[in-house]
Trainee: 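The structure under discussion is supplied below as structure tokens; questions concerning it will follow.
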Number of protein chains: 2
Amino acid sequence: MTNKTVDFYSKAAKMHVATDCIVFGFNTGELKLLIFKRRVEPHSGDWSLIGSFVQVDEDVDNAARRVLKEITGLDNVFFEQSKTYGKADRDEGSRCISVAQFALIRIEEYDKKLTEKHGAYWYRIQDLPKLVLDHDQMVIDALEILRQRAKHQPIGFELLPEKFTIPQLQSLYEAIYQRSLDPGNFRKKVLSFKVLIKLDEKDRSSSKRGAHYYTFDHENYKKLLRSGYNFEVI
Amino acid sequence: MTNKTVDFYSKAAKMHVATDCIVFGFNTGELKLLIFKRRVEPHSGDWSLIGSFVQVDEDVDNAARRVLKEITGLDNVFFEQSKTYGKADRDEGSRCISVAQFALIRIEEYDKKLTEKHGAYWYRIQDLPKLVLDHDQMVIDALEILRQRAKHQPIGFELLPEKFTIPQLQSLYEAIYQRSLDPGNFRKKVLSFKVLIKLDEKDRSSSKRGAHYYTFDHENYKKLLRSGYNFEVI
DNA sequence: ACAAAAGTGTTACGTGTACACCCATGA
DNA sequence: TCATGGGTGTACACGTAACACTTTTGT
């Protein structure tokens with residue numbers, strides 16, 4: 001590295017880089033968000049998203065995975081970058097920009113002990129409390145992106161258990177878009193993509209007849225994507 | 001601020017934060033990108049996007065506006081955040097994350113003297129040279145987002161002069177999506193949105209009959225958006 | 001008068017939507 | 001056997017795509 005380089009970089013300011021996770025979950029027909037009570041100043045005790053500073057030798061994406069694992073115990077979670085928040089005055093603690101990322105997790109699988117230990121709770125998105133800093137805006141933006149994605153990719157499967165029924169899937173989409181869908185049309189649409197594998201087993205928890213379980217056909221999905229398929233679910 | 005706070009923040013690493021601009025322009029029926037020859041190490045002399053470090057007291061969004069103004073002389077440019085690049089090893093100079101933002105500019109209006117002074121050139125997106133660091137990927141991602149946006153918002157108008165004809169607009173969309181569109185259908189579709197104002201004046205540069213100039217009706221666009229309208233151009 | 005681009009009209013087709021209807025089963 | 005949610009079938013409306021056709025005007 002030349003002296004010129006050192007000079008050029010050294011003149012530039014350094015700042016904290018954080019990542020905040022908008023963690024979506026789904027159960028009992030409701031879209032939920034994992035938030036927790038902040039334990040450091042400023043705003044200790046207020047509600048906040050789960051976040052962390054990014055370490056010097058750590059990819060930003062990985063920082064998000066690290067925190068989420070610390071809190072939920074979950075690995076291999078679906079993550080996607082949402083937006084970066086870079087207003088100079090967004091954090092009065094110190095100049096700090098935050099890369100927001102949203103995660104979709106199967107709510108049944110996370111470790112309740114861990115989340116309780118960290119003071120984390122699932123809230124319905126409709127009745128979230130006021131969050132710290134610009135975290136309210138982060139949630140609004142992430143929801144927007146989730147809706148956008150869910151329209152064209154079968155992203156919703158990330159939020160359901162391995163085995164799920166079509167009515168369950170429909171209920172998820174209804175929760176995401178906050179509107180009701182026609183059962184017949186939804187079923188036809190979603191089956192037309194040929195990315196669901198029907199199982200023999202049935203779920204009888206919500207009707208006497210029972211609804212068939214399905215699993216997501218990852219193989220076929222990838223194949224179809226490569227051949228330029230577009231999944232317009234809604 | 002409590003001691004606890006100081007402690008918490010001070011333990012976290014600080015790093016450089018940069019912003020890189022993917023500057024799109026459009027003329028002679030081609031989608032162009034503004035890139036320039038890098039003048040600092042590492043990679044001095046290689047082709048690069050236009051970027052800068054973010055200053056301590058500067059919003060990330062404004063940093064992008066600042067560089068673009070320095071180079072093109074343009075103010076009031078359409079900007080949108082694209083993605084943040086945060087791999088630990090993305091810049092060998094020093095740990096540095098970059099918030100990529102794309103800009104749409106009216107190519108006729110920029111100051112040629114300024115861009116020449118800074119060693120900046122317009123390249124057709126089809127034949128861009130290899131760019132420095134992860135800038136190639138930034139362009140790919142930004143194009144993807146531009147296409148996404150252009151599908152649902154009349155974003156394309158940002159790339160055209162104040163007055164433009166419908167065939168011009170069509171040619172822009174054809175450049176963005178790299179496919180040809182039916183003139184009749186395109187015209188019908190775009191006029192159906194009621195966000196174009198027809199002017200008396202005609203552009204005779206590309207036909208004897210001449211094509212009517214139109215302007216974008218910002219007022220009506222905002223009104224329609226508020227009432228929940230969706231602009232599906234393609 | 002003809003070429004060439006602008007602009008209009010018409011029709012066929014596929015897809016989404018609404019809704020009627022049948023199925024399976026526990027109580 | 002009836003109520004309930006699962007699942008199938010169908011008819012209509014509408015948006016889109018393809019393309020034929022008309023208009024304008026400089027050469």
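Chain letters run A, B, ... following the sequence lines, proteins first and then strands; every chain starts at 1.
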Trainee: Can you pull out every side-chain hydrogen bond (donor to acceptor under 3.5 Å, both in side chains) where at least one residue sits in residues 142-154 of chain B? Sequence neighbours excluded, please.
Mentor: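 Non-adjacent pairs meeting side-chain hydrogen bond (donor to acceptor under 3.5 Å, both in side chains): B/Glu80-B/Arg149.
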Trainee: Once salt bridge (Lys or Arg N to Asp or Glu O under 4.0 Å) is applied, what residue pairs with a partner in residues 223-234 of chain B remain, sequence neighbours excluded?
Mentor: none
Trainee: Using the side chain to side chain contact (heavy atoms under 4.5 Å, CB included) criterion, which residues pair with B/Asp46? Sequence neighbours excluded.
Mentor: B/His43, B/Val132
Trainee: Which residues pass the side-chain hydrogen bond (donor to acceptor under 3.5 Å, both in side chains) test with A/Ser52, not counting sequence neighbours?
Mentor: A/Arg66
Trainee: Only counting residues at least two apart or in another chain, list the ones meeting side chain to side chain contact (heavy atoms under 4.5 Å, CB included) with A/Arg204.
Mentor: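 Per chain and number, A/Arg204 pairs via side chain to side chain contact (heavy atoms under 4.5 Å, CB included) with A/Lys202.
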Trainee: Just jot down the side-chain hydrogen bond (donor to acceptor under 3.5 Å, both in side chains) partners of B/Arg106, sequence neighbours excluded, or say none.
Mentor: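 Applying side-chain hydrogen bond (donor to acceptor under 3.5 Å, both in side chains) to B/Arg106 gives none.
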Trainee: So which of residues 165-182 of chain B are in contact with DNA chain C, with a heavy-atom cut-off of under 4.0 Å?
Mentor: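 Going residue by residue through residues 165-182 of chain B, the ones with a heavy atom under 4.0 Å of DNA chain C turn out to be B/Pro167.
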Trainee: Which nucleotide span of DNA chain D, 5' end to 3' end, has atoms closer than 4.0 Å to non-hydrogen atoms of chain B?
Mentor: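 On DNA chain D, the outermost contacted nucleotides are D/dT16 to D/dG26.
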Trainee: Of all residues at least two apart in sequence or in a different chain, which pass the side chain to side chain contact (heavy atoms under 4.5 Å, CB included) check with A/Lys69?
Mentor: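 Only A/Asp75 meet the side chain to side chain contact (heavy atoms under 4.5 Å, CB included) criterion with A/Lys69.
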Trainee: Quick check on contacts: within residues 186-213 of chain B, what sits under 4.0 Å from DNA chain C by heavy-atom distance?
Mentor: B/Arg187, B/Lys188, B/Ser206, B/Ser207, B/Arg209, B/Gly210, B/Ala211, B/His212
Trainee: Name every donor-acceptor pair, under 3.5 Å, that has one atom in a side chain of residues 24-37 of chain A and the other anywhere in the protein, sequence neighbours excluded.
Mentor:
from    : atom 1 : to      : atom 2 : distance (Å)
A/Asn27 : OD1    : A/Lys32 : NZ     : 2.6

Trainee: Please work out which residues in residues 148-164 of chain B have a non-hydrogen atom less than 4.0 Å from an atom of DNA chain C and list them by number.
Mentor: none
